[in-house]
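For reference, the structure is listed below as structure tokens.
Whatever order the structure lists ligands and atoms in, that order sets their numbers, starting from 1. Position 1 is the first residue of the sequence, and the numbers go up from there.
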Amino acid sequence: MILLGPPGSGKGTQAKRIEKVFHLPHISTGDILREAIDKGTPLGKEAEEYMKRGDLVPDHVVNGIVKERLSKPDCKRGFILDGYPRTVPQAISLEEILKNLSLSLYAVIHLNVSDEEVVRRLTNRRICPKCGAIYNLLIKPPNDDEVCDVCRSKLIRRKDDEEDVIRRRLEVYRRETEPLIKYYEERGLLKNIEADGTVDEIWREISAIVSEALLRDHNSSS
Ligand code: AMP
């Protein structure tokens with residue numbers, strides 16, 4: 001399954017819940033790239049400048065990451081892609097990767113959110129650098145001022161959550177990623193969710209889709 005939507009549409013938050021509740025691996029290319037930057041690997045060095053500006057990392061780089069990750073055995077029962085594909089060439093590459101692994105896509109969940117809501121959410125987003133928990137100072141604040149509820153680390157703001165970089169990421173999304181909505185609609189895979197609501201409202205719709213997918217998979221294999 002793919003979660004598709006602008007930055008700040010809740011892809012990461014919802015994918016983390018899916019992972020926890022349904023035990024499906026959450027594959028976020030953004031998380032993998034940020035980890036590479038933190039570790040100072042060659043991949044991180046290549047990606048850093050693009051990410052700082054809010055631009056996309058070149059397709060061949062992210063395609064390689066996804067190919068490697070999807071080949072791991074834990075993806076056999078299903079997986080949630082968050083932030084990939086982001087361009088039509090990436091979607092084409094994904095088809096090839098899945099075909100070679102005898103896997104297929106069940107659905108592409110499109111989280112639809114307005115630009116104003118994205119800016120409001122991302123300027124107030126804080127993340128835990130240690131355990132990856134995501135907070136929002138307006139709608140999902142931590143219990144104690146800017147400290148992680150789970151592991152007590154000091155929360156940070158992502159470098160690309162500054163307003164000018166957010167605007168750039170939105171521009172890139174509308175130009176490069178939005179064409180994927182039509183692409184997957186034409187393939188009968190798209191499921192639209194209006195995602196201006198709360199985390200729990202969106203979760204109700206997403207969890208119903210994931211439950212149905214797992215049930216269908218179970219029935220077809222038994
Ligand atoms: P995210 O955490 O999904 O918001 O991604 C953060 C940044 O990582 C993006 O703004 C891009 O610079 C880079 N990135 C993540 N996924 C991709 C992708 N599929 N294609 C290109 N760049 C990506």
Which pairs would a plain distance check flag for residues 71-81, meaning a side-chain donor or acceptor within less than 3.5 Å of a matching protein atom at least two apart in sequence or in another chain?
| from | atom 1 | to | atom 2 | distance (Å) |
| --- | --- | --- | --- | --- |
| S71 | OG | K67 | O | 2.6 |
| D74 | OD1 | R69 | NH1 | 3.0 |
| D74 | OD2 | R69 | NH2 | 2.7 |
| R77 | NH1 | F22 | O | 3.4 |
| R77 | NH1 | H23 | O | 3.1 |
| R77 | NH2 | F22 | O | 3.1 |

Enumerate donor-acceptor pairs with a distance under 3.5 Å from any side-chain N or O in residues 93-103 to protein atoms, sequence neighbours excluded.
| from | atom 1 | to | atom 2 | distance (Å) |
| --- | --- | --- | --- | --- |
| S93 | OG | N63 | ND2 | 3.4 |
| E95 | OE2 | Y183 | OH | 2.7 |
| N100 | ND2 | E96 | O | 3.3 |

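- For E117 and R121, the salt-bridge test passes: some basic side-chain N is under 4.0 Å from an acidic carboxylate O.
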Mind listing the N or O contacts between ligand 1 and protein, cut-off under 3.5 Å?
| from | atom 1 | to | atom 2 | distance (Å) |
| --- | --- | --- | --- | --- |
| ligand 1 | 2 (O) | R34 | NH1 | 3.0 |
| ligand 1 | 2 (O) | R34 | NH2 | 2.9 |
| ligand 1 | 2 (O) | R158 | NH1 | 3.3 |
| ligand 1 | 2 (O) | R158 | NH2 | 3.4 |
| ligand 1 | 3 (O) | R86 | NH1 | 3.1 |
| ligand 1 | 3 (O) | R86 | NH2 | 3.2 |
| ligand 1 | 4 (O) | R86 | NH2 | 3.3 |
| ligand 1 | 4 (O) | R158 | NH2 | 3.1 |
| ligand 1 | 5 (O) | R86 | NH2 | 3.4 |
| ligand 1 | 12 (O) | D55 | O | 2.6 |
| ligand 1 | 16 (N) | T29 | OG1 | 2.8 |
| ligand 1 | 16 (N) | G83 | O | 3.4 |
| ligand 1 | 16 (N) | R86 | NH1 | 2.9 |
| ligand 1 | 19 (N) | G83 | O | 2.9 |
| ligand 1 | 19 (N) | Q90 | OE1 | 3.0 |
| ligand 1 | 20 (N) | Q90 | NE2 | 2.9 |
| ligand 1 | 22 (N) | V57 | N | 3.0 |

Donor-acceptor pairs under 3.5 Å, side chain of residues 40-49 to any protein atom, not counting sequence neighbours: which ones?
| from | atom 1 | to | atom 2 | distance (Å) |
| --- | --- | --- | --- | --- |
| T41 | OG1 | A36 | O | 3.4 |
| T41 | OG1 | G44 | N | 3.2 |
| K45 | NZ | G40 | O | 3.0 |
| E49 | OE2 | K52 | NZ | 3.4 |

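- A cation-pi arrangement is found for R53 relative to Y50, the charged atom lying closer than 6.0 Å to the ring centre and inside a 45° cone about the ring normal.
- When hydrophobic clusters are built by joining Ile, Leu, Val, Met, Phe, Trp and Tyr residues whose side-chain heavy atoms come closer than 4.5 Å, directly or via intermediates, I139 is not grouped with Y135.
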